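All remarks here apply to the structure that follows.
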Amino acid sequence: MTRRPPRALLALAAAALATVSITVTVTVAAGHPAPVTVTLPTGGLPYQDPSLPVADRVNDLMSRMTLDDEIGQMTQAERSALNPQSDLATYRLGSVLSGGGSAPSPNTAQSWADMYDSFQRTALSTPLGIPMIYGVDAVHGHNNVYGATIFPHNIGLGATRDADLVQRIGRATAEEVSGTGIDWDFAPCLCVARDDRWGRTYESFGEVPSIPSAMTSIITGLQGTTLGGPASVLATAKHYVGDGGTTGGVNEGNTQLSEADLRAIHLPPFKAAVDRGVGAVMISYSSWNGVKMHGNHYLITDVLKGELGFSGFVVSDWAGIDQIDGQSGFSAADVDAAVNAGIDMVMVPTDYKGFINILRAEVNNGHIARSRIDDANRRILTKKFQLGLFEHPYTDRSYTATVGSADHRALARQAVRESQVLLKNAGGVLPLAKSAKVFVAGKSANDIGNQSGGWTITWQGGSGNTTPGTTVLQGIRNAVAGSGSVTYDRNGSGIDGSYTAAVAVIGETPYAEGQGDRPGGLGLDQEDLATLTRLRASGVPVVVVLVSGRPLDIAAQLPNWNALIAAWLPGTEGNGVADVLFGDYAPTGKLPMTWPRSTSQEPINDGDGQTPLFPLGYGLTYPGGGTTTPPTTTTTTPPPSSGCTADYTITGTWQGGFQAEVKVTNRGSTPMGAWAVSWTWPSGQAVTNVWNGMYSQSGTAVTVRNASWNGTVAPGASVTFGLTGTGSAEIPIVTCS
Ligand code: GLC
């Protein structure tokens, strides 16, 4: 399936048309004796000749454009604001967008394609017939479209560390986007999320620049190796620059960093994107040291366009220029600051007439040089020519059937498998046997909306059966079909001790952007805590599947869980989670973010000297499936009739480190308050983290004491603390007192 007829055929067609043109002589009023001749294009002009170099076509077209033609190209309007639709032609608009959830009715691939073609026909009705370019946020698949394949959000893709997989996801997304006519994707977000309280953490591939830099492979998937190939969609590196580094993780906030740190942490993914030929860059709402990015000439023009050599075009964020002067709406000052800083296209997105009038006035009064307008147009038109929009402006309907196709869903399922991060597996409770008797609970067990997260069908996303797919529960049912049994109750009601295991699918409900900021804490909600309490009371091993857009504050609950999988926001293919739960795929995911012991540690990042609950890169697998050795337990001498004993179990190992759990049992006849467990490790082995206990290490001697929240331990009862450490996973001789 190709998007465009072969170039040779196009050249032949252009030559045939070259002889045909219509010349209209307009004789103007007295005082202007020379008649004005306007040649209306009929396909025979140089800019319409695909055999010519793009630069020549751009030059020829621009030589025919008026200032209003050029200003129109720099203006992007939201589809729902275009009333009447003919304004697209009247004002020569260069671009239309769908904001999050802005869809035609009915919301089907077919009606998207019809809508796109209708807008394009209007755009082509202008004297110069410049095609419009249409942008959407397809940030985890073509997520505005009902029935589209919804892939894991970027945080899950970062956990895969699989750049090739991510490139294939870009290609699949481009096919679905192209099948609806759309030719521009406001993705990928290359944000480096440094504070998990930020509502867009899940749009980040990882907290260190190396991960999003590697995942710019999605750009090649979206655009193809060169623009204009089959199902080629313009990609957008966003949000430039430092959106994930704001103080307190406040969305659209202030990134307070030295230039050296800004360059070291937040710039590398954009350089990687430019090196991959990304066609567009979107500016961040955030500020750098108090200066709004939308007005930052140094970073946009000198660094991005100059130093990095970005030759595509720069687009503002939604009404982003309005924020420059701190007043609501946009002003002449906003327009001057944004366009002079180097923004080439403005996502207005509603008052496009007002914007055009101000921009025209600011050029005519010299506040904005015509050369800046010309540069912006050269950039925009170059991408339109390279995309092949002049030769093939309408939907290639041969891709429409790819929307939600079985092949794409299979790819998404593989992405879900690879994104799962196994954080705990006490006693090797996982993988579950397919003959198991499984109890499934949790608000996100049977909820496509929750497992897809924000930017799904609507801007904020939403709980419920929002689009076709397979829930985690359905995936579990599919896995045990025929040999095991599955009981489901959202709240865990009805569980008893007869079950092999309880799977609790819990976490966050959907959100997007600032609505997801959580400055007050990252703990579980009351519904989840109640469900977990109910499950634990049954005495059945509890396996937690955490569906969330970021690490959550779960250290206090973790000792009560037998296993924990970070599922992130997997999208429509919940089978992929079940594949890991039942061992059809041994987990390989690695944390793309440091996992805090509590929200009070935020921002917490690799190398900042804090001790996390789980470090960046942490992830377990199954025995035989990779780096985890079978659990090994040792117990002190036969249980005394007083004092306490400690069972030290290795629950996971990885290159250079390991995880262990220590169960402290009260062997006496009275409640035990304070306890202390001690051991000596080989030299060079060090604790990196302890949860549910307070540790100290002096040389090779380690002691873990009860934490204030441990309370007292009844006679015969136990309390468990966990730890991670560097070095080998040797079992020490432990003493308990
Ligand atoms: C939003 C987001 C940006 C998105 C744009 C268009 O506010 O910040 O990521 O591409 O508007 O929907």
Side-chain angles (χ1 to χ4, degrees), residues 75-82 95-103 112 133-145 153-155 173 177 182-193 198-205 212 218-219 222 233-246 249-253 255 266 269-270 273 278-287 292-294 312-324 328 330 338 343-350 352 453-461 510-517 549:
T75 307
Q76 181 182 60
E78 217 290 329
R79 55 174 282 278
S80 58
L82 272 172
S95 181
V96 181
L97 84 142
S98 279
S102 177
W112 274 84
I133 185 168
Y134 195 117
V136 298
D137 296 277
V139 296
H140 62 142
H142 199 0
N143 41 258
N144 286 320
V145 179
H153 267 296
N154 289 352
I155 193 169
T173 302
V177 167
I182 308 299
D183 36 45
W184 182 12
D185 187 3
F186 303 137
C189 184
L190 296 177
C191 37
V192 183
W198 185 37
R200 305 193 76 164
T201 295
Y202 66 78
E203 295 186 61
S204 174
F205 289 107
I218 199 168
I219 293 167
L222 286 167
V233 171
L234 196 75
T236 312
K238 73 181 187 181
H239 310 81
Y240 185 82
V241 63
D243 53 347
T246 61
V250 174
N251 189 52
E252 305 184 11
T255 298
H266 298 283
F270 287 91
V278 71
V281 169
M282 184 183 292
I283 301 303
S284 175
Y285 285 117
S286 57
S287 302
K292 276 288 178 185
M293 274 307 307
H294 274 76
F313 65 89
V314 174
V315 63
S316 78
D317 202 336
W318 178 286
I321 73 168
D322 302 15
Q323 299 181 4
I324 295 172
S328 64
F330 55 80
I343 288 177
D344 302 305
M345 182 183 286
V346 172
M347 186 186 297
V348 180
T350 53
Y352 45 86
W455 294 103
T456 307
I457 308 303
T458 62
W459 174 43
Q460 290 292 314
Y511 54 82
E513 302 193 41
Q515 281 81 324
D517 283 6

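The structure displayed is predicted, hence computed values, not measured ones. Start at 1 and go down the list; that is how both ligands and their atoms are numbered.
Looking only at protein heavy atoms, the nearest one to atom 4 (C) of ligand 1 is D137 OD1, 3.1 Å. In terms of protein heavy-atom proximity, atom 2 (C) of ligand 1 is closest to E513 OE2, 3.3 Å.
Atoms of ligand 1 lying under 4.0 Å from at least one heavy atom of D317, given by number and element, are 1 (C), 2 (C), 3 (C), 4 (C), 5 (C), 7 (O), 8 (O), 11 (O). The K238 neighbourhood of ligand 1 comprises atoms 3 (C), 4 (C), 9 (O), 10 (O), with distances under 4.0 Å to a heavy atom of that residue. Using a 4.0 Å cut-off to heavy atoms of M282, the atoms of ligand 1 that qualify are 3 (C), 10 (O).
Although no hydrogens or angles enter the test, the distance criterion places a donor-acceptor pair under 3.5 Å between the side chain of Y285 and the main chain of W318.
We find that K292 and D322 are not joined by a salt bridge, their nearest charged nitrogen and carboxylate oxygen being 4.0 Å or further apart.
The aromatic rings of W184 and F313 sit perpendicular to each other, their planes meeting at more than 60°, with 30° as the lower class boundary.
Ligand 1 is never approached by W459 to a heavy-atom distance shorter than 4.0 Å.
Considering backbone and side-chain N/O of S98, none are found under 3.5 Å from N/O of ligand 1.
Ring centroid separation for the pair W455 and H153 does not come in under the 6.0 Å cut-off.
Here the shortest heavy-atom pairing between C189 and N154 reads O-ND2, 3.6 Å.
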